[in-house]
Amino acid sequence: MKYPYTQQFRQNLVEWFHREQRNLPWRHTKDPYKIWVSEVMLQQTRVDTVIPYYQRFIDKYPTLESLAGADEEELLKMWEGLGYYSRARNLQAGVREVVEKYGGTVPNNRHDLQKLKGVGPYTAGAILSIAYNLPEHAVDGNVMRVLSRVLHITEDISLPRTRKIFEKAVDELIHPDYPGDFNQALMDLGAMICTPVSPKCLLCPVREYCLGFMEGDADQLPIKTKKTKSKNEYYDVYIAVNDGKILFERRPSEGLLANMWQFPMMPKKQPSENTWEPFELKYNVTITKVLEENFVEQKHVFSHLTWNMSCHLIEISENGPFPDSVQFVTLKEMEALPLPVPMAKIMNILNRYIFHSPE
DNA sequence: AATGCGGGGCA
DNA sequence: TGCCCAGCATT
């Protein structure tokens with residue numbers, strides 16, 4: 001059966017949005033570049049988290065060209081703490097492509113946009129509808145939740161193919177006069193009213209057009225089956241000092257936390273495994289003094305794995321050349337390097353209890 | 001289709 | 001603790 005409330009739904013939704021929309025920094029511009037930046041930052045990331053990052057990022061890289069010319073390590077530093085760091089590199093690659101191939105003008109069609117690095121179906125639709133006011137779908141988890149309830153769609157949203165059902169639904173529902181506002185209204189509704197748990201149906205502006213509310217099972221939707229499995233990993237982390245400098249290494253250019261910096265880490269199969277000698281061999285150093293053995297056990301949870309880190313403060317001497325990507329840095333130099341959060345946590349502990357201790 | 005990829009907020 | 005969040009690239 002065809003959804004019978006298309007006209008009322010889109011009109012009430014957009015009117016509600018015009019009254020109640022959130023005041024967000026990227027809503028004061030129609031610059032496709034800035035919309036693009038905001039949408040990439042918002043991938044799998046909460047609005048409140050993104051806001052300060054977006055402000056600083058646009059201050060530093062106000063134009064497409066300025067980002068295209070940015071130093072990659074500096075760029076990663078701007079992204080530090082935001083997560084999914086390949087987004088930053090892909091964004092810059094995409095921006096460079098726009099400068100070279102499109103003369104600095106962000107494409108205004110889905111075909112060209114989706115060929116840009118880091119731009120998928122959602123981000124392309126968001127840019128097209130918000131910056132260019134084109135009637136294009138922008139389906140993310142938020143939209144799937146809202147529309148699964150409004151249209152009572154019971155397909156499993158953890159299956160990739162299900163997204164197409166929602167794209168088709170948006171194609172029919174989208175407000176032809178206010179496509180950008182319509183898409184953003186779905187987001188705001190999902191964030192403020194149609195929340196994952198305890199949706200506030202009694203405050204909802206489109207309650208009377210919501211099939212899920214009529215059925216009384218809106219809060220049971222969407223259907224999502226896939227579970228996340230996580231595994232434990234164990235490491236010894238060595239804060240190795242020599243003459244006021246600290247041994248540091250850059251992670252590989254691909255994979256987890258690519259190109260970010262860290263204290264040397266030795267993986268362990270078992271928490272009890274001893275890695276002191278393998279550490280000396282791998283880094284070409286000799287441990288001359290153990291200052292604090294296991295001064296903290298630091299745990300860090302990623303979405304797909306957990307790091308369990310035993311941290312040791314030691315003094316070392318250098319025997320031969322370091323492996324590539326390993327070097328001594330001063331505390332000052334370290335501040336300019338992009339650190340993943342687990343390393344920043346350890347750094348904070350060091351600053352509070354070791355380096356700045358009154359003794 | 002399945003998996004890898006961060007980090008924080010929340011019940 | 002487990003789930004969720006303005007997803008995308010890779011295989």
Side-chain angles (χ1 to χ4, degrees), chain A residues 21-22 24-27 35-54 76 79-91 93-94 113-130 137-147 156-164 166-167 170 180 182-192 194-199 222 224-233 251-260 262 299-307 338-345:
Chain A
Q21 67 170 295
R22 292 173 290 177
L24 302 173
W26 45 89
R27 287 187 177 166
I35 302 297
W36 184 1
V37 169
S38 73
E39 291 300 339
V40 171
M41 286 187 168
L42 285 161
Q43 290 167 8
Q44 295 288 281
T45 311
R46 285 187 160 70
V47 165
D48 290 340
T49 304
V50 166
I51 290 173
Y53 281 90
Y54 173 82
L76 266 184
W79 211 270
E80 181 183 277
L82 198 52
Y84 286 148
Y85 299 94
S86 66
R87 289 184 294 177
R89 192 166 34 176
N90 288 339
L91 174 60
L113 267 179
Q114 284 194 206
K115 283 197 293 193
L116 299 172
K117 275 285 187 189
V119 178
Y122 166 76
T123 304
I127 294 171
L128 291 168
S129 63
I130 298 170
H137 57 74
V139 172
D140 62 351
N142 218 339
V143 169
M144 287 197 283
R145 181 179 63 256
V146 172
L147 290 187
D156 181 359
I157 67 163
S158 59
L159 298 176
R161 63 171 179 270
T162 303
R163 200 192 69 237
K164 292 185 177 64
F166 290 91
E167 289 175 346
V170 172
F182 178 88
N183 282 338
Q184 294 182 89
L186 285 179
M187 318 273 185
D188 275 17
L189 193 70
M192 297 191 282
C194 199
T195 48
V197 296
S198 310
K224 186 169 184 174
T225 60
K226 197 171 59 182
K227 307 184 201 312
T228 57
K229 54 174 182 287
S230 176
K231 64 175 179 180
N232 269 302
E233 292 183 354
R251 294 179 60 85
S253 58
E254 294 189 346
L256 182 64
L257 304 173
N259 285 339
M260 307 281 287
Q262 65 182 19
K299 187 166 95 163
H300 186 79
V301 180
F302 297 92
S303 37
H304 57 303
L305 56 91
T306 300
W307 280 2
L339 304 194
V341 166
M343 293 301 135
K345 286 180 183 170

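Letters A, B, ... are given to chains in the order of the sequence lines, protein chains preceding strands, and every chain is numbered from 1.
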hbond_proxy A:Thr49 side chain to B:dG8 base (donor-acceptor, 3.5 Å cutoff):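 Looking at the base of B:dG8, it does not pair with any donor or acceptor on the side chain of A:Thr49 (distance under 3.5 Å).
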Presence of donor-acceptor pair under 3.5 Å, side chain of A:Arg163 and base of B:dA1: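 Side chain to base: no pair present.
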Report the distance from atom [atom1] of [X] to atom [atom2] of [N], rounded to the nearest whole Å.
| X | N | atom1 | atom2 | result |
| --- | --- | --- | --- | --- |
| A:Leu256 | C:dA9 | CG | P | 19 Å |
| A:Lys231 | B:dC5 | NZ | C1' | 13 Å |
| A:Leu257 | B:dG7 | CG | C1' | 10 Å |
| A:Trp79 | B:dG6 | CH2 | C1' | 12 Å |
| A:Met41 | B:dG6 | CE | P | 15 Å |
| A:Asp140 | C:dC4 | CG | C1' | 12 Å |
| A:Leu91 | C:dC8 | CG | P | 13 Å |
| A:Tyr53 | C:dA6 | OH | C1' | 17 Å |

Which part of the nucleic acid does [X] contact within heavy-atom distance under 4.0 Å: base, sugar-phosphate only, or nothing?
| X | value |
| --- | --- |
| A:Leu24 | base |
| A:Leu82 | base |
| A:Val47 | base |
| A:Ser38 | nothing |
| A:Asn90 | sugar-phosphate |
| A:Gly81 | sugar-phosphate |
| A:Phe302 | sugar-phosphate |

Could you work out which one of [options] sits closest to the side chain of [X]?
| X | options | result |
| --- | --- | --- |
| A:Trp26 | C:dA6, C:dT10, C:dC8 | C:dA6 |
| A:Arg22 | C:dT10, C:dG7, C:dA6 | C:dA6 |
| A:Ser303 | C:dA6, B:dA2, B:dG6 | B:dG6 |
| A:Leu42 | B:dG6, C:dA9, C:dA6 | C:dA6 |
| A:Pro342 | C:dC4, C:dC8, B:dG7 | B:dG7 |
| A:Lys224 | C:dG7, C:dC4, C:dT10 | C:dC4 |
| A:Met187 | C:dA6, B:dG7, C:dA9 | C:dA6 |
| A:Tyr84 | B:dG7, C:dC5, B:dC5 | B:dC5 |

Spacing of CE belonging to A:Met41 relative to CG belonging to A:Leu82, to within rounding of 0.5 Å: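 The CG atom of A:Leu82 is 6.0 Å from CE of A:Met41, to the nearest 0.5 Å.
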May I ask you to test the [X]-[Y] pair for a side-chain heavy-atom distance under 4.5 Å?
| X | Y | answer |
| --- | --- | --- |
| A:Trp36 | A:Leu116 | yes |
| A:Met260 | A:Tyr85 | yes |
| A:Phe182 | A:Ser129 | no |
| A:Met187 | A:Val47 | no |

Should [X] be listed as having a side-chain N or O under 4.0 Å from OP1 or OP2 of [N]?
| X | N | answer |
| --- | --- | --- |
| A:His304 | B:dG4 | no |
| A:Gln43 | C:dG7 | no |
| A:Arg145 | C:dC5 | yes |
| A:Thr45 | B:dG6 | no |
| A:Arg161 | B:dA1 | yes |

Exam field: side chain A:Arg163 to backbone A:Val139, donor-acceptor pair closer than 3.5 Å: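 Side chain of A:Arg163 to backbone of A:Val139: no pair is present.
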Residue pair A:Glu39 / A:Tyr122, side-chain donor-acceptor N/O under 3.5 Å: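 Side-chain D/A pair, A:Glu39 to A:Tyr122: present.
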Between A:Asn90 and A:Arg87: side-chain donor-acceptor atoms closer than 3.5 Å: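 Not at all, the side chains of A:Asn90 and A:Arg87 share no donor-acceptor pair under 3.5 Å.
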Using the [atom1] atoms only, state how far [M] lies from [N], rounded to an integer number of Å.
| N | M | atom1 | answer |
| --- | --- | --- | --- |
| B:dG6 | C:dT10 | P | 14 Å |
| C:dC5 | B:dA1 | C1' | 22 Å |
| B:dC5 | C:dC4 | C1' | 16 Å |
| C:dA6 | B:dC10 | P | 13 Å |

Most 5' of A:Val197 and A:Pro340 on DNA chain B, judged by nearest nucleotide: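 Result: A:Pro340.
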Of A:Pro160 and A:Lys345, the one whose closest DNA chain B nucleotide lies more 5':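 Nearest nucleotide further toward 5': that of A:Pro160.
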Position toward the 5' end of DNA chain C (nearest nucleotide), A:Arg27 or A:Lys299: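 That would be A:Lys299.
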Most 5' of A:Asn142 and A:Gln114 on DNA chain C, judged by nearest nucleotide: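 Its nearest nucleotide being more 5', the pick is A:Asn142.
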